[in-house]
Amino acid sequence: MKYLVRDKLFAIGDDYWIEDEQGRHAFLVDGKALRLRDTLELKDPDGQVLITLRQKMFSLRDAMTIERDERPLATIRRKRLSLLRNHFRVTLADDTELDVSGRILDREFAVEYDGELLAHISRQWFHVRDTYAVNVVREDADSALLIAVAVCVIRMAERERED
């Protein structure tokens, strides 16, 4: 399943719909303005909060947390840096790890579990510059979590570029 995402969603305080491949509203990204730290909520079309993304405070290394039902679901940190590819590690609450690698700022990267592709993020499918897709490869994968992971790593990579 492919989801259409526009980079505008990264503006805190702005709300934005993520659409499925049929053009239907799949998720609402709700940017929470006037918070001490970056906070985004990923909601279903009915307004139910599915995932909350927060910048982790007082962390030695830049990190973001993903929460579901106000409980930690995952923590994302930079894994290692090379000239061509960025690497992030997603540690789930059950200590399972996902690997995110590729050209994050170019919106060309993959999310894998134990070498198996879960999602591919790419601009290749679209001609509009500020648009990319999150292609969730496995049918049993948690689409909301994988979209949240993509949003987090892009935010973290952009913050690093600005610093």
Side-chain angles (χ1 to χ4, degrees), residues 1-20 24-81 86-102 104 107 109-121 132-160 163:
M1 174 67 95
K2 286 183 188 166
Y3 296 93
L4 174 69
V5 184
R6 292 199 177 99
D7 282 337
K8 179 184 175 188
L9 77 95
F10 298 112
I12 296 298
D14 287 348
D15 296 346
Y16 184 76
W17 283 102
I18 294 174
E19 299 172 351
D20 65 16
R24 296 180 304 232
H25 290 168
F27 301 101
L28 174 66
V29 178
D30 185 359
K32 298 297 181 184
L34 304 174
R35 298 272 175 112
L36 184 59
R37 57 186 176 174
D38 282 355
T39 302
L40 297 170
E41 291 178 341
L42 192 62
K43 298 179 178 180
D44 69 14
D46 296 323
Q48 177 76 27
V49 176
L50 302 172
I51 302 265
T52 302
L53 302 85
R54 299 181 200 278
Q55 177 184 359
K56 196 163 184 167
M57 299 298 288
F58 310 114
S59 176
L60 293 176
R61 294 184 343 190
D62 194 23
M64 289 191 78
T65 59
I66 299 173
E67 300 171 1
R68 180 173 279 148
D69 299 324
E70 298 184 18
R71 291 189 306 273
L73 180 61
T75 301
I76 301 174
R77 289 189 171 86
R78 175 170 291 289
K79 186 175 178 183
R80 58 187 177 267
L81 178 66
N86 291 308
H87 295 264
F88 288 84
R89 176 174 289 135
V90 180
T91 306
L92 301 176
D94 65 0
D95 287 330
T96 301
E97 292 185 349
L98 306 179
D99 185 55
V100 180
S101 63
I104 307 294
R107 309 313 190 254
F109 59 97
V111 181
E112 298 178 335
Y113 168 69
D114 203 23
E116 181 181 353
L117 182 65
L118 298 178
H120 180 232
I121 291 75
Y132 63 93
V134 176
N135 184 17
V136 178
V137 177
R138 287 188 43 166
E139 287 187 28
D140 63 339
D142 184 340
S143 295
L145 173 62
L146 293 171
I147 290 170
V149 166
V151 169
C152 284
V153 298
I154 290 169
R155 285 185 70 81
M156 292 170 73
E158 287 182 343
R159 259 199 312 265
E160 282 182 8
D163 291 344

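Starting from 1, each residue takes its place in the sequence as its number. Both backbone and side-chain heavy atoms feed into the values below; hydrogens, waters and symmetry mates do not.
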**OP:** Work out which heavy atom in Ala63 is nearest to a heavy atom in Thr75; give both atom names and the distance.
**Re:** CB-CG2, 4.3 Å

Original post:
CZ/Phe109 to OH/Tyr132 distance, rounded to the nearest 0.5 angstrom?
Top reply: 6.5 Å

Subject >> Closest heavy-atom pair and its distance - Ser101, Asp99 >> reply: OG-OD2, 3.9 Å

Original post:
If we only count heavy atoms from C-beta on, is the Leu28 to Pro45 side-chain gap below 4.5 Å?
Top reply: no

**OP:** Working to the nearest 0.5 Å, report the span between CG of Asp44 and CG of Leu50.
**Re:** 5.0 Å

Original post:
Who are the side chain to side chain donor-acceptor pair (under 3.5 Å) partners of Arg71, not counting sequence neighbours?
Top reply: none

**OP:** Using a 4.5 Å cut-off on heavy atoms from C-beta on, say whether the side chain of Val29 contacts that of Val151.
**Re:** no

Subject >> Heavy-atom side-chain contact between Val136 and Val134 under 4.5 Å >> reply: yes

Subject >> Heavy-atom pair of closest approach, residues Arg155 and Leu40 >> reply: CD-CD1, 3.8 Å

Original post:
If you measure from CD on Glu19 to OH on Tyr16, what distance do you get to the nearest 0.5 Å?
Top reply: 6.0 Å

Original post:
How long is the gap from OH on Tyr113 to CG on Leu92, to the nearest 0.5 Å?
Top reply: 9.0 Å

Original post:
With a 4.5 Å limit on heavy-atom distance, are the side chains of Thr52 and Ile66 in contact?
Top reply: no

**OP:** Supply the atom-to-atom distance Leu118 CG to Arg138 CZ, rounded to the nearest 0.5 angstrom.
**Re:** 6.0 Å

Subject >> Any Ile121 side-chain heavy atom under 4.5 Å of Val111 side chain >> reply: yes

Original post:
Distance-only, no hydrogens or angles: does the Asp142 side chain make a donor-acceptor pair with backbone N or O of Ala144 under 3.5 Å?
Top reply: yes

Original post:
Of the non-hydrogen atoms in Leu42 and Ala148, which two are nearest, and what is the gap between them?
Top reply: CD2-N, 4.5 Å

**OP:** Test Ile147 against Ile18 for side-chain contact (heavy atoms from CB on, under 4.5 Å), laying out the working first.
**Re:** CA-CA 9 Å; Ile147 290 170; Ile18 294 174; 3.6 Å; yes

Original post:
Is Phe88 close to Arg77 at the side-chain level, that is, under 4.5 Å between some pair of heavy atoms?
Top reply: no

**OP:** Flag the pair Glu67 and Arg54 as a salt bridge only when some basic side-chain nitrogen lies within less than 4.0 angstrom of an acidic carboxylate oxygen.
**Re:** yes

Original post:
Mind checking what makes side chain to side chain donor-acceptor pair (under 3.5 Å) contact with Asp46, not counting sequence neighbours?
Top reply: none

**OP:** Might you point out which heavy atoms bring Arg68 and Leu145 nearest each other, and give the distance in Å?
**Re:** NH2-N, 4.4 Å

Original post:
Is the closest side-chain heavy-atom distance between Met156 and Ile76 below 4.5 Å?
Top reply: yes

Original post:
Would Asp20 and Phe27 count as a side-chain contact (heavy atoms from CB on, under 4.5 Å) if you check the C-alpha gap in whole Å, the side-chain angles of each, and the deciding distance to 0.1 Å?
Top reply: CA-CA 9 Å; Asp20 65 16; Phe27 301 101; over 6 Å; no

**OP:** Could you tell me whether the side chain of Thr65 reaches within less than 4.5 Å of the side chain of Pro72, counting heavy atoms only?
**Re:** no

Original post:
Atom CZ in Arg78, atom CG in Asn86: separation rounded to 0.5 Å?
Top reply: 4.5 Å

**OP:** Quick one: do Arg107 and Glu158 satisfy salt bridge (Lys or Arg N to Asp or Glu O under 4.0 Å)? Show the steps, please.
**Re:** CA-CA 11 Å; Arg107 309 313 190 254; Glu158 287 182 343; 2.6 Å; yes

